[in-house]
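Quick notes on the structure that follows.
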Amino acid sequence: MKAAWYETNGEARDVLVVGEVETPKPGPGEVRVKLKTSGANPSDVKSRRGRPLIAPRIIPHSDGAGVIDLVGEGVAESRVGERVWIWNGQWKRAFGTAAEYIVVPGVQAVKLPDNTSFDAGACFGIPALTAVHGVTLAGAAPGKTILVTGGAAAVGHYATQMAVQRGARVIVTASKERADHARSADAAEIIDYKNEDVAARVKELTGGKGADAILDMDLSSTAPLLPKGVLAQYGKLVCYGSNVPADIPVSFTAGLWGSLTIQFYLVYELRQEERSAAVTELTWMLEAGTLKHTIGARFPLDDIAAAQEAVEGGKVIGNVVVEM
């Protein structure tokens with residue numbers, strides 16, 4: 001099969017190779033998926049640039065979508081021909097979705113509704129599931145105000161839609177250039193974080209109370225807002241990322257006097273019941289057609305280096321998809 005891989009860390013064009021490798025076969029409990037699309041995410045880029053390799057050769061990308069063409073022992077033959085999307089395709093595994101085929105445990109290939117494209121399916125394993133679980137942890141519900149940082153980014157755009165659908169009022173941060181995209185997810189208010197005081201604007205928009213919860217993509221820039229009252233009393237900061245990977249100071253005084261909760265989560269390591277709930281809710285939304293999917297750029301597998309560079313550049317609005 002045709003695949004892309006790297007055997008050492010480095011820049012995309014220096015280490016990524018496209019060529020032929022052996023086509024995998026499913027073992028017990030596994031399915032083989034003939035991939036149509038592969039999703040390129042920031043975590044894929046970070047892994048290629050500097051995370052220790054877990055095998056001599058890495059086929060990157062955890063997200064993707066395609067059709068099951070072969071099943072292993074213990075998997076119903078009726079799954080052959082099923083349209084699916086993939087989660088954790090390359091998490092703690094050497095061979096991900098940047099290939100014509102992938103073999104994964106049957107549970108990691110989730111049925112893709114007929115009304116949902118393969119392009120969209122390549123956006124679910126990381127962006128959509130991160131958003132679903134984050135919105136749940138943030139307690140989005142009628143009467144609640146949620147601040148979503150990075151409202152125009154892949155996770156933030158999904159999270160805004162999901163929180164609004166749960167009845168919450170959603171305030172997002174987004175640059176002026178990306179404001180229209182953030183607005184398309186039905187955000188109630190948009191704060192230009194580059195030119196406005198985010199904490200002051202949140203307090204202004206909430207009558208001085210602050211947000212009930214924050215769904216945060218960058219703890220390094222959000223932690224300094226806590227002493228400024230960006231969260232309401234008993235508010236909750238739910239965080240899934242940071243642009244600065246080192247330890248980040250968090251105000252004890254703000255947390256204590258505000259009785260605040262800070263919760264981190266990693267979408268790759270959701271507990272079984274958490275992932276099941278997230279997948280079930282996402283499937284319901286897909287079947288109901290209530291989500292907007294944004295594909296910002298498409299690349300053929302031969303141009304996977306350009307795809308990963310597009311992710312690194314941070315200028316693409318929407319998800320970057322590699323097409324087989």
Please determine if [X] and [Y] form a salt bridge, counting it only when a charged side-chain N lies under 4.0 Å from a carboxylate O.
X      : Y      : value
Asp186 : Arg183 : no
Glu100 : Lys34  : no
Lys111 : Glu287 : no

Answer with yes or no whether the side chains of [Y] and [X] bring together a donor and an acceptor at under 3.5 Å.
X      : Y      : value
Glu281 : His133 : no
Ser117 : His293 : no
Asp218 : Ser220 : yes
Arg298 : Thr37  : no
Ser62  : Tyr268 : no
Lys236 : Gln263 : yes

Test your reading of the model: is there a side-chain donor-acceptor pair from [X] to the backbone of [Y], 3.5 Å cut-off?
X      : Y      : result
Arg178 : Gly150 : no
Arg79  : Val75  : no
Gln108 : Pro105 : no
Ser251 : Pro227 : no
Ser242 : Val244 : yes
Arg48  : Gly10  : yes

Would a 4.5 Å heavy-atom cut-off, applied to side chains only, mark [X] and [Y] as touching?
X      : Y      : answer
Glu30  : Glu73  : no
Ile304 : Pro60  : yes
Leu237 : Phe264 : no
Val132 : Met285 : yes
Val316 : Val311 : no
Leu35  : Ile102 : yes
Tyr234 : Thr261 : no
Tyr265 : Thr130 : yes

Taking everything shown except [X] itself, do over 12 heavy atoms lie less than 6.0 Å from its [atom1]?
X      : atom1 : value
Lys292 : NZ    : yes
Glu273 : CD    : yes
Lys144 : NZ    : no

Problem set entry | Pair Lys36-Asp119, salt bridge (Lys or Arg N to Asp or Glu O under 4.0 Å): steps then yes or no | CA-CA 8 Å; Lys36 303 290 187 180; Asp119 279 2; over 6 Å; no
For [X] against [Y], the heavy-atom pair lying closest together:
X      : Y      : result
Met324 : Ser38  : CE-CB, 3.7 Å
Ala3   : Ile59  : CB-CD1, 3.9 Å
Ala200 : Asp197 : N-OD1, 3.0 Å
Ala188 : Arg169 : CB-CG, 3.8 Å
Ala138 : Ala213 : O-CB, 3.4 Å
Ala159 : Ala131 : N-CB, 3.5 Å

Exercise. Is the charged tip of Arg83 near the ring of Phe118: under 6.0 Å from the six-membered ring centre and within 45° of its axis?
Worked result: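 Yes; both conditions hold, so Arg83 lies above the ring face of Phe118.
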Exercise. For Tyr101, is the NZ or CZ atom of Arg32 found under 6.0 angstrom from the centre of its six-membered ring and inside 45 degrees of the ring axis?
Worked result: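 Yes, cation above the ring, under 6.0 Å and within 45°.
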Problem set entry | Verdict with reasoning, Arg49 to Glu312, per side-chain contact (heavy atoms from CB on, under 4.5 Å) | CA-CA 10 Å; Arg49 293 189 69 177; Glu312 287 178 290; 3.1 Å; yes
To the nearest 0.5 Å, how far apart are [atom1] in [X] and [atom2] in [Y]?
X      : Y      : atom1 : atom2 : value
Gln165 : Met162 : CD    : CE    : 8.0 Å
Glu189 : Ile171 : CD    : CD1   : 6.5 Å
Asn9   : Ser47  : CG    : OG    : 9.0 Å
Cys123 : His157 : SG    : NE2   : 12.0 Å
Thr160 : Ile146 : OG1   : CD1   : 10.5 Å
Leu286 : Leu112 : CG    : CG    : 7.5 Å

Exercise. Could you walk me through whether Glu20 and Lys2 pass the salt bridge (Lys or Arg N to Asp or Glu O under 4.0 Å) check?
Worked result: CA-CA 5 Å; Glu20 293 290 325; Lys2 189 175 184 179; over 6 Å; no
Would you say [X] and [Y] are hydrophobically clustered, going by side-chain heavy atoms of ILVMFWY under 4.5 Å?
X      : Y      : value
Trp91  : Leu282 : yes
Ile190 : Val198 : no
Phe95  : Val18  : no
Tyr6   : Val45  : no
Ile126 : Leu137 : yes

Problem set entry | CA sep, side-chain torsions, deciding dist, call: Arg275, Glu269, salt bridge (Lys or Arg N to Asp or Glu O under 4.0 Å) | CA-CA 9 Å; Arg275 190 175 301 279; Glu269 297 285 7; over 6 Å; no
For this session: Before giving the answer on salt bridge (Lys or Arg N to Asp or Glu O under 4.0 Å), spell out for Lys315 and Glu177 the whole-Å C-alpha distance, their side-chain angles and the decisive distance to 0.1 Å.
Result: CA-CA 10 Å; Lys315 295 182 179 180; Glu177 296 78 16; over 6 Å; no
For this session: Have a look at Ile214 and tell me which of Val238, Val230, Val202, Leu225 forms a side-chain contact (heavy atoms from CB on, under 4.5 Å) with it.
Result: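 Output: one option passes, namely Val230.
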Exercise. Testing Thr149, Val155, Thr173 for side-chain contact (heavy atoms from CB on, under 4.5 Å) with Met217, which one passes?
Worked result: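 Answer after filtering Thr149, Val155, Thr173: Thr149.
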For this session: Given side-chain contact (heavy atoms from CB on, under 4.5 Å), test Val104 with Arg93 step by step and report yes or no.
Result: CA-CA 10 Å; Val104 293; Arg93 304 172 74 250; 3.8 Å; yes
For this session: Apply side-chain hydrogen bond (donor to acceptor under 3.5 Å, both in side chains) to Thr136 and Arg166, showing your working.
Result: CA-CA 10 Å; Thr136 296; Arg166 290 191 182 194; 2.8 Å; yes
List the atom pairs, with distances to 0.1 Å, where a side-chain N or O of residues 252-259 and a protein N or O form a donor-acceptor pair under 3.5 Å, not counting sequence neighbours.
none

